[in-house]
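Each remark here refers to the structure printed beneath this line.
Computed from heavy atoms alone, side chains included, the values below leave out hydrogens, waters and symmetry copies. In what follows, chains are A, B, ... by sequence order, proteins preceding strands, each numbered from 1.
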2 protein chains.
Amino acid sequence: MAQHREQMAASKSSASSSLKLGPVKIPRAAEVLANQLREEIVGGRLSDGDMLPNERELTESSGLSRSSVRDALRMLELEGLIATKQGRNGGSRVCKPGRDTIVKTVSLFISSRRTRRVSLVEARGAIEPTAAMLAAKHRTDEDLARIQEKHSAMVAGIDDLDRFLRGNLDWHMAIVHASHNDLLIAFMESISHAVYDVTNDETLNPPEVRQQVVRIHGRITDAIEKQDPAEAKRLMERHVTAYAEFLGMS
Amino acid sequence: MAQHREQMAASKSSASSSLKLGPVKIPRAAEVLANQLREEIVGGRLSDGDMLPNERELTESSGLSRSSVRDALRMLELEGLIATKQGRNGGSRVCKPGRDTIVKTVSLFISSRRTRRVSLVEARGAIEPTAAMLAAKHRTDEDLARIQEKHSAMVAGIDDLDRFLRGNLDWHMAIVHASHNDLLIAFMESISHAVYDVTNDETLNPPEVRQQVVRIHGRITDAIEKQDPAEAKRLMERHVTAYAEFLGMS
DNA sequence: ACGGATTAAAGGTCTAATATTTAGTTGACT
DNA sequence: AGTCAACTAAATATTAGACCTTTAATCCGT
């Protein structure tokens, strides 16, 4: 049964007019099924929390083998669209993809392309000023508390490179989170680790630079506290470009 | 054979000190293999263009079944780390993940979370001014030609909403490409389609707005031609925030 | 030297059995 | 009645092996 994929050699009646057709993409069985299911999900006919039919049912209704059905489910799982649980009452439950899906993808992109330090810093320079502005606009009191807490931690750890850099990272991420923009958060989470790795070096963080960093962080924190978007943005912009230039020289 | 996953009930000698251990993640066979192979790839022991052993060989050397081996390969394929070809001399070839991998992931994220229009516009507002600045800094002559070409197309199509919006999209993407920053390009490609969809509406693009848009696009194009990064950035910033405010009112 | 048939090597698919995990159910012992 | 252990059932996870399809190389006749 199941002789799928009949490509059908399109009889010789070739009206040889200038039809140009690109390379024909031949989908695999599992892909076809995955596409259908994905369509159901993003199309809204299956919503967050709903259960998919179990594998045997899908096998029957699709006419494919269980392996192909499973392949399809694995694809959706890797895309973060379903979560599959083993055992009685297990199965595949629809869920919304989280930021971690993006983070994984972008991290792979960065590490396997050996993205240059300058590119990372440029990307950060794009995201952070806007994030700071939005944070000043939309922060809650908890957001502010978190930012201040991370700032204090960094000040306290100024003599310990590890603690300093960790605090630095946390402070920046706290601000981005306070922007309440999921896309910016996801993008920043994606690159922050790489930025951290790439600046994790004593020579890139001499004491006088750390002093400088702490001082401007303090001013940015204040701007966010006072809910002054323009000032937060301006300062953050200066901060990241200053550090970028410092890196550019070394 | 192969009785993996013995969790081993940790004898009763529970030193009940306050050790807290999170939920134990039990990996699947395919995941373990995928992790190993991924490590080989990003670790550099397998580089771009190399062939992986074929499925039967991997089955032997890993001690897993062919299905599990194939599952692992599928994961890597979905991550964009390998490309698999059928047929004699086929197999799995290592490749660097492209921007399309990021685009797919982020697009799913956006559409399945029904990301709000304002968030999209905010994210764009973060990326584009920096991209314009970098474009002014690093553009080649071909980059410039492309930007000008897209601008002309947009001017020519100003009375046709479809052509106008398409030209708009193309012009913006041309600039981002001219930044020569793969991360920014990937991020922008990821959201541009969604931004396009969300602004594809006659009422959001009345004639007087189009005129305004064309005029400022022209000035930005000129700034990039003259390689004036600060000006390009300033204008682009004004452009996107102006449009954001216009959207905010409607 | 060309072009069609053959063949070999790879991935793609199907089937069916077995293993493992998990949640509910039952039942004996408090 | 309550509780914990053993059992059972329902689902996914894994294995095994056969067969199908695609693709490139090779052979061979013209």
Margin query: Could you tell me how far apart A:E55 (CD) and C:dT13 (P) are, to the nearest whole angstrom?
Written below: 16 Å

Next item on the list: Using atom CZ of B:R66 as one end and atom P of C:dC14 as the other, report the distance to the nearest whole Å.
Entry: 13 Å

Please list, pair by pair, any protein nitrogen or oxygen found under 3.5 Å from a nitrogen or oxygen in nucleotides 7-10 of chain D.
residue : atom : partner : partner atom : Å
D:dA9   : O4'  : A:R88   : NH1          : 3.3
D:dA10  : N3   : A:R88   : N            : 3.3

Note to self: Measure NZ/B:K85 against P/C:dA9 and give the value in whole Å, please.
What the structure shows: 17 Å

Notebook entry, point to check: Whole Å only: how far is the CG atom of B:L73 from the C1' atom of C:dG12?
Noted result: 13 Å

Next item on the list: Looking at every strand, decide which applies to B:S67 at a 4.0 Å heavy-atom threshold: base, sugar-phosphate, or nothing.
Entry: base

Check: For A:T140, does its backbone N or O pair with a side-chain atom of A:D143 as donor and acceptor, under 3.5 Å?
Finding: yes

Margin query: Does the plane of the ring in A:F187 sit parallel, tilted or perpendicular to the ring in B:F187? Use 30° and 60° as the thresholds.
Written below: parallel

Note to self: Tell me the closest heavy-atom pair linking A:A132 and A:I224, and the distance in Å.
What the structure shows: O-CG1, 4.3 Å

Next item on the list: Tell me, please, which residues at least two apart from B:H193 pass side-chain contact (heavy atoms from CB on, under 4.5 Å).
Entry: none

Check: Should A:K25 and A:E31 be marked as a salt bridge (Lys or Arg N to Asp or Glu O under 4.0 Å) after you check the CA-CA gap, both sets of side-chain angles, and the distance that decides it?
Finding: CA-CA 12 Å; A:K25 160 79 172 170; A:E31 276 184 69; 3.7 Å; yes

Margin query: From CD of A:E60 over to P of C:dA16, roughly how many Å is that when rounded to an integer?
Written below: 13 Å

Notebook entry, point to check: Counting just side-chain N and O atoms, does A:R28 come under 4.0 Å of either OP1 or OP2 of C:dT13?
Noted result: no

Next item on the list: Please answer whether the main-chain N or O of B:L144 pairs with a side-chain N or O of B:R139 as donor and acceptor at a distance below 3.5 Å.
Entry: no

Margin query: Whole angstroms only, please: what is the CZ-P distance between A:R93 and D:dA11?
Written below: 13 Å

Check: Under 4.0 Å: is that the gap between some side-chain N or O of A:R70 and OP1 or OP2 of D:dA13?
Finding: yes

Check: Of A:R56 and A:G90, whose closest DNA chain C nucleotide lies nearer the 5' terminus?
Finding: A:R56

Checklist line | d(CG, A:L58; P, C:dT13) in whole Å | finding: 16 Å

Note to self: Strictly below 4.0 Å: does A:R74 bring a side-chain N or O up to OP1 or OP2 of D:dA13?
What the structure shows: yes

Notebook entry, point to check: When the distance from CD of A:Q86 to C1' of C:dT18 is rounded to whole Å, what number comes out?
Noted result: 13 Å

Margin query: Let's go through A:S68 and A:D71 carefully: what are the C-alpha distance in whole Å and the side-chain angles of both, what is the deciding distance for side-chain hydrogen bond (donor to acceptor under 3.5 Å, both in side chains) to 0.1 Å, and is it a yes or a no?
Written below: CA-CA 5 Å; A:S68 298; A:D71 275 359; 5.6 Å; no

